[in-house]
Participant: 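I am attaching a structure below and will ask some questions about it afterwards.
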Amino acid sequence: MLAADAGWTILFTGDNLTRLLGGLWTSVSIAGLALVFGIPLGVVLGALRILRNPVLRAVLRLYLEFFRIIPTLVILFLFYYILPREMGVQVDGETIAVVAFGLWVAAEISDVVRGALISVPEHQIDAGKALGMNGLQLLWYVRLPQSINLMVPATINLAARVIMTTSLLLLISVIDVITVGQQIMEANRMAHPDSAFWVYGFVFLLYFIVCWPLAMIARALEKRAKERNNG
Amino acid sequence: ACGGSSSSDGAASSQQGQTVEQIKKAGTIRIATFGDLPPYGYVKNDGTRAGYDVALGNQIGKDLGVKVDWVQVNADGRVDALKSDKVDLVLANFTVTDERKQVVDFASPYMKVSIGVVSPDKAKITSADQLKGKTLAVTKGTTAETFFTQNYPDVQLQKFDSKTQQFQAFKDGRVAALADDNTYLYAWAKDNKGYTVGVKTLGEESTISPAVKKGNKSLLDWTNKEIKTLTDQGFFEKSYQTELAPSFTSDIKPEDVIIK
Amino acid sequence: MADSNNSVSNDEILLSVRHLKKSYGDHEVLRDISFDVPRGKVFVLLGPSGSGKSTLIRCLNGLETIQGGTISFKGEPIDGREKTWRRLRTEIGMVFQSYDLFPNLTVAQNILLGPTKVQKRPKDEVERQMDGLLADVQLSEYRDAYPRELSGGQKQRIAIVRALTMNPELMLFDEVTASLDPEMVREVLELMLGLAEHHMTMIVVTHEMEFARRVADTVLFLENGVILERQSGHDFFTHPETDRAKAFLESMAPISDGE
Amino acid sequence: MADSNNSVSNDEILLSVRHLKKSYGDHEVLRDISFDVPRGKVFVLLGPSGSGKSTLIRCLNGLETIQGGTISFKGEPIDGREKTWRRLRTEIGMVFQSYDLFPNLTVAQNILLGPTKVQKRPKDEVERQMDGLLADVQLSEYRDAYPRELSGGQKQRIAIVRALTMNPELMLFDEVTASLDPEMVREVLELMLGLAEHHMTMIVVTHEMEFARRVADTVLFLENGVILERQSGHDFFTHPETDRAKAFLESMAPISDGE
Amino acid sequence: MSWQVIQQALPLFRKAFVLTLELSAIGVALATILGLAIALVREYRVPVASQVCATFEELLRNTPLLIQLFFLYYGFPSIGIKLSAQACAIIGISLLGAAYMSGAFRGGFSGIPTIQVESAKALGLSPLQMIRHVTLPQGLTRSVPAVAANAIFLVKETSVFTVIAVPELTNTARDLIGMYYRTDEYLLMLVVAYAIILIPLSVMLTLLERRVRRGTFGD
Ligand SMILES: Nc1ncnc2c1ncn2[C@@H]1O[C@H](COP(=O)(O)OP(=O)(O)OP(=O)(O)O)[C@@H](O)[C@H]1O
Ligand SMILES: Nc1ncnc2c1ncn2[C@@H]1O[C@H](COP(=O)(O)OP(=O)(O)OP(=O)(O)O)[C@@H](O)[C@H]1O
Ligand SMILES: [Mg+2]
Ligand SMILES: [Mg+2]
């Protein structure tokens, strides 16, 4: 064990660094799974939302509003406490997180997709119709290709948000990066009584390193999409 | 990565949780424990779990002939971990109380405990009455929280999610004192100079037991038998010496903690 | 023009509109519009802003649902179902005021989309036709360019070619030069004049009076959703019948000599 | 017009431009432009799209920094500092192609902003002047309307009134009718003709050839950032000197009779 | 589900509800003011300050509030800065909110057409007059929907205060669950409480968006 006075050294004691990164990986992979499962669902729901069926629209809107209005943390609790009991199967925290985040992602993506689809100028749709295209052809040849530029950056932004939100996993017993951090602080409370600053600071940094590049990519793509639209 | 995940093999559990046979068949037992409470349940720098509770769990696993799958919980998650079938057994300093008996089944006790209060030497608290109008740190879902809520309503409680957080806040001087099971207060006060367990026992002395899902008779009976066997074999005394004694001050005797 | 199936027949009525009514909510935009367009003729719709010209032309392509009356194409009344319109739209071409090329596709892809995906014609046949038309409008070199690389006038000419490649029997034009720089207006109008000379049946909304005078077989003058005047192109511009049409013609020649 | 301080003096030079150069990066947009505008005269800038007309007029109001040459106003060379321009802009009014009224302010607030906040003139005096001008352009009833409640033509007339209320000695107009519906063009052009009759000094970019012919004392024909031709208004339209100007005039009269 | 359990917990929930409202209101207000200041600093490229603000924005927008709070509450005392839980909560939400609000305001400003700025110049307005009469009023109106959306986001984020023992709604609900094990009742109360706060806000946002889109500023 290293000198007791330098709090940051505990980050590099034993397997702590690998463990912290492992915790981060847990968070990121949960976010990744949620996206893999939520995005396709969201795209379908979003495409359905531009149909004129009022019942379908109301139901999908309700679904979106539920996930919009209830804080994510509360959604996580709802799923954590209620899902396993109702489903009668053994579900661990990770699975619950993936399902809860996945449904949330689907809700957000459905709105992104809908927003992007209806942002395609009306006269483009008219032009497609004037060529005799049917609904699916309009979607495939006109709406989707012209709105994908808007969807991609919004989706990347959402991915960053999902990763940040995985910090809440700590509260449903998933061994995420923060939980690992706390384990480390406790195991070393004698040698490093002030490790909190360093451990939390390091976790802060880890999140930033993961999320910031995503935000930058999203911004660059957004800018390009805007220039394309004007050009 | 750290053994936190439980098996999710999809085997539909009965209303009462997994029977001993089912556990043996599955080859793993899922046990809830703390991850931030040395010397009872914590994670060493190499990532392995250790502590008094953990030692018991490992022994249980060995005697069942199955692998132990540790699920880290916080105090307020222990009941729901059982209720929602996330674990088979709780070994997380789970104090037996009447309220809890309504919702889970406790096996025979393996430790004695009562609530203690630790405070800084500079402003030592020696009786619960001194706490009136002051703030006291507790962890959510612990007996200390319930005890003070019911018996000392004019003590202001600051409720934390985890042990780490409550001790951290206490050390930062955010509260006048901290109440928790006296046994870990002893251990904590030894690690942290300048703090003393001024109130050693509050309320009735209670016991700490393994808990299973309400109605899981199979596992309950097996655990009761196991505790008896282990007590007879002197397992808890040995475990006390290796896991707890190094963390306790010399005025604490094994009789104060373990059940003969 | 490469197109050749528009021979003048003896006054066959291609499009017939009877008592057409259209309203947005309470607002009646078109009330009781009736007229017949014989094959090979050019109709020009004139009228002040808001009189309903765009709405009318959009109704003729099924882009708006109508509230009353009938539209018949080649003698057959249209039932108004989206599916029927979809079929008819391959026979009725339309070009809009705003540049409506798909920005994500090249010129060639824009042109090929309708004939190959909707009409399901063989690609090489359509390509041959396209190359001919592009050569006609002197835009062959832009075959693989994206719309953003074209000037406004070039875009509109491509939009017309795109509609023509579907081999329509009727073409609808809604102020196709309105968003163009003045110097580009000419190239588009000349293309349209060429179509008229080849006896393409057309309905044209325009603000270019000189062009309207030259191209129109018949002028329909709309105001407030009714046809106020219906005259031959020549007569309308030389002696309009109604005062409204007179006033309109005056306002369209801003700052004429003397005050 | 209510304004009266624009009496014709004997050929005093109000604005003088010498060897003006402007480039965006490598792209030279204006090269060596020189001309003098005497007080009370109307200059019309003509030229194909992209020739630099807007850029030139923007330079004359300090909205672009220039890379060479001098601009003098009332005999005094302008040093190009933002502060100097800010002072001069109260004497040089400008109206743009796109509607530039402030949408968050009413018509009256739009008009009063400059005179009261920048020129710091007493509010009641400015209001009296504004009411006179609004009456002149028949828009008094829109005094407290927001721009969104006005038609395009009305907006542009208010924009002109807003500039006039500053009592400018020179007015710059950049295609002020280009985004208007054809029927609204007239009301704006007539207002400008009125100004010219009252001897307001003006520099005008326009695509309305008939209007240009009537209003121009002098025409400057620009191409590729140089003045190709400089003639009296009458001469330019009847016998342009250069082939480029001839071609330009032709293209601006699209679809003239016969092909 | 037991009505009695709900009734017994009502007083506690009411207290938590009020606290959540208070913290949200203070947080949103501070975030808006600070966010506007940052947006102006960045919009007008104030040297140094604008770079500092940009860094600050990036740091806060790309890290979770939870870890920001941990850092503030548990980490900072190690270097001698000790703030109460509520102070940390308010600082945390205001700073995070400011970073988001600044983005909303800058979006509003950047939507102002150049022609507006140029015609302000053409009238001889000084930079300050231009901000006061043209860019600020127009930019603010344009940012209203984004600001309102951020406000909703911030109210939801107050649920994270639970981790530093602030007895707001989420914390209270979890605490009761931990003590009395009546999960269903307390979760229901929690969801209802948030719905009471957030549904009106959300409806308001929809109306605002519609209004701004319908062209308070159309031409
Ligand atoms: N989607 C719509 N919803 C409601 N009203 C509409 C809609 N489209 C057009 N209108 C109204 O219908 C009337 C006719 O509009 P239309 O666009 O057909 O006129 P227009 O003759 O084409 O005018 P312009 O010369 O300006 O293009 C107008 O009063 C317009 O406000
Ligand atoms: N901000 C700018 N950055 C780079 N190039 C510019 C910019 N503004 C104008 N240009 C270029 O300067 C040239 C002259 O443009 P300008 O707008 O002055 O032409 P114009 O004569 O007003 O044309 P139009 O009749 O289309 O208005 C064009 O080639 C244009 O692309
Ligand atoms: Mg129209
Ligand atoms: Mg220009």
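Keep in mind that this is a model prediction, so the values were computed, not measured. Chain identifiers are assigned alphabetically (A, B, ...) following the order of the sequence lines, protein sequences preceding nucleic acid strands; residue numbering begins at 1 within each chain.
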Participant: Nearest 0.5 Å, please: how far is CG in D:Leu105 from CD in E:Gln138?
Facilitator: 7.5 Å
Participant: Tell me, for D:Ile92 versus chain E, whether the close heavy atoms (under 4.5 Å) come from the side chain, the backbone, both or neither.
Facilitator: backbone
Participant: Which bit of D:Arg87 is near chain E, if near means a heavy-atom gap under 4.5 Å: side chain, backbone, both or neither?
Facilitator: neither
Participant: Among D:Met94, D:Met166, D:Glu82, which has the most heavy-atom pairs under 4.5 Å with chain E?
Facilitator: D:Met166
Participant: Enumerate by number any residue of residues 97-128 of chain E whose heavy atoms lie under 4.5 Å from heavy atoms of chain D; in the absence of such residues, state 'none'.
Facilitator: E:Ile115, E:Gln116, E:Glu118, E:Ser119, E:Ala120, E:Lys121, E:Ala122, E:Leu123, E:Gly124, E:Leu125, E:Ser126, E:Pro127
Participant: Does D:Glu149 CD have over 12 foreign heavy atoms under 6.0 Å away?
Facilitator: yes
Participant: What part of D:Asp100 gets closer than 4.5 Å to chain E, counting heavy atoms only: side chain, backbone, both or neither?
Facilitator: both
Participant: Please answer whether the main-chain N or O of E:Thr135 pairs with a side-chain N or O of D:Asn104 as donor and acceptor at a distance below 3.5 Å.
Facilitator: no
Participant: Can you tell which part of D:Leu101 gets under 4.5 Å to a heavy atom of chain E, answering side chain, backbone, both or neither?
Facilitator: backbone
